[in-house]
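Have a look at the structure below, then the notes.
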2 protein chains.
Amino acid sequence: MPHLHDLNPRVSVDNVILGFDDENLNVLLIGRSLSDGRTDDVLALPGDLIFENENLEMAAERVLFELTGLTDLFLQQAGAFGDPNRLAKPKDREWLKTVRQEPDVRVITIAFFSLVNMNDYTPQPASFARSVQWVPIQDVGDLAFDHNRILTTCLKRLRETIAIKPVGFNLLPVKFTLGQLHRLYEAILDKPLDKRNFRRKIQKLDILTHLDEKQEGVPHKPSSFYKFNEIKYQKLVETGFDNFGF
Amino acid sequence: MPHLHDLNPRVSVDNVILGFDDENLNVLLIGRSLSDGRTDDVLALPGDLIFENENLEMAAERVLFELTGLTDLFLQQAGAFGDPNRLAKPKDREWLKTVRQEPDVRVITIAFFSLVNMNDYTPQPASFARSVQWVPIQDVGDLAFDHNRILTTCLKRLRETIAIKPVGFNLLPVKFTLGQLHRLYEAILDKPLDKRNFRRKIQKLDILTHLDEKQEGVPHKPSSFYKFNEIKYQKLVETGFDNFGF
DNA sequence: TCTTGGTAGTGTATATTTGACACTAAGATT
DNA sequence: AATCTTAGTGTCAAATATACACTACCAAGA
């Protein structure tokens, strides 16, 4: 029986790290390790308890860094999840027992999502993970805890956010083609977008710089490269604009 | 010096309760009571630590109920606030010392906002409050802790939300006039909206039911009453629509 | 070297939506 | 009767959204 003060909840962050492979949105999931060396077959979102002198964003950045080695990534809070029984599924409790001193204590988690360019690095299993893998979001099965719900919420928030800010650029290389951007928007919004209308709309925003460079070695007409123009975007934000909606 | 496990953060909810008085948006603030009977002069958002077997929404509903006596109100999470020093202002620490066994423990709070019809009730000072008052949002001064930041975030989220869902109806009586609705949108968005364009747009959504009833005793042309039509709204959501934006 | 397969890139016509704008109607008060 | 106040209404022009089909360019293989 825990002491009274042990009934205070713990607080963690969980991070929905999204990447784009030029076709699908992928989410970075970890495989849990058991204390006896075996690997659990349930995948989970990466996350960790927050440290004592860390704010929520710092905790999320730490998780992200341990997994990807990257810093300064796009990161946005998506909400808190705190149902008392969110850790109560039998498999989850079994796993918690093997890794924690306090398997029964309540944990409230703050969910973040971040957007990364999948080609920038290869994920490393971190201290809290046995394995790491990119999983296309349409192939994500049952996750640990309430992580399916968290993932769904984050994807919804991403769709809302991308209608207001061009955050999608974080999922692409610095140089990208309009075709890539088009496929990215279709993947995020999960619906087809007319090619000509998409190109017209994105170009009218005037936040892209056309580079004097084309694809090479592709078995079709080579596409021009563009890059996102932060300065023009900032000006656009200041003068006020309403929508990036598609 | 606290024990090690006491370093675990506590978790609270804070609630931005918004009301509309036919002119301004108002927020419900509490005055803190000191243990010696005096009243602190700093206003705060109502909130409380979450109970052991309560989820986050339940905790927010409880705070709301204790203050207003109302249930089943519109309530939406706006995010978590967890800076380690969010309780560290001198006045706040002084107050914490008079009311808590643990003045120095870290508290992470989950912010909610709710929308209520101001005429439905009169707020009651609850267990955690010395006084309760409606304050027009433009008159809100320095609040306790990081509550100004929380309020700002919640108002921003309200503006985003009302562009997607007609949540504003929760701030009005069941029967209302288009003029009231118009003033409400202007108050929330903090900008003037053309009367004719507003009416056209809101009516085209076809989610209002025109009642066979008019204002009485008003010293001007009486206005028709309308009510929000939940059924039509649900149909609209199902068939898909994009924007309530103004 | 010619054919094939695959993606890049472009314009127009129509329908819909937005934004600006000014007067009459109805009731209460004096 | 005059005055005050809010309710309620229509039109035009500009901007935006939608639907839609063909040519250009490159690589690879026949």
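Scope of the values below: all heavy atoms of this structure, side chains included, with no hydrogens, waters or symmetry mates. Chain letters run A, B, ... following the sequence lines, proteins first and then strands; every chain starts at 1.
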Exercise. At their closest point, which heavy atom of N148(B) faces which heavy atom of G141(B), and how far apart are they?
Worked result: ND2-O, 2.9 Å
Problem set entry | Length of the line joining R183(B):CZ and dG8(D):P, which is rounded to integer Å | 11 Å
For this session: For D194(B), enumerate each residue passing the salt bridge (charged side-chain N to carboxylate O under 4.0 Å, His left out) test, keeping only those at least two apart in sequence or located in another chain.
Result: none
For this session: Let me know the distance between CZ of R199(A) and P of dA17(D), rounded to the nearest Å.
Result: 18 Å
Exercise. Given atom CZ of F198(A) and atom P of dT7(C), what is their separation to the nearest angstrom?
Worked result: 17 Å
For this session: Let me have a per-nucleotide readout for nucleotides 20-30 of chain D, 5' to 3', with B, S or -, counting only protein heavy atoms under 4.0 Å.
Result: BB--BBBS---
Exercise. Could you state the CD-P distance from Q203(B) to dG8(D), rounded to the nearest angstrom?
Worked result: 9 Å
Exercise. Sequence neighbours excluded, which residues qualify as salt bridge (charged side-chain N to carboxylate O under 4.0 Å, His left out) partners of D22(B)?
Worked result: R183(B)
Seminar exercise, completed: E213(A) meets the salt bridge (charged side-chain N to carboxylate O under 4.0 Å, His left out) criterion, sequence neighbours left out, with K175(A)
For this session: Mind calculating the distance between NZ (K191(B)) and P (dT18(C)) to the nearest angstrom?
Result: 12 Å
Problem set entry | K221(A): salt bridge (charged side-chain N to carboxylate O under 4.0 Å, His left out) partners, not counting sequence neighbours | none
Problem set entry | Contact under 4.0 Å: S224(A) side-chain N or O vs dA8(C) OP1/OP2 | no
For this session: Could you name each residue pair satisfying side chain to side chain donor-acceptor pair (under 3.5 Å) that touches residues 67-81 of chain B, not counting sequence neighbours?
Result: Q76(B)-T161(B)
Problem set entry | Interatomic distance, K201(A) NZ vs dA15(D) C1' [rounded to whole Å] | 12 Å
Exercise. Taking CG from L181(A) and P from dT7(C), how many angstroms apart are they, rounded to a whole number?
Worked result: 17 Å
For this session: To the nearest Å, give me how far apart CD1 (I202(B)) and C1' (dA7(D)) are.
Result: 17 Å
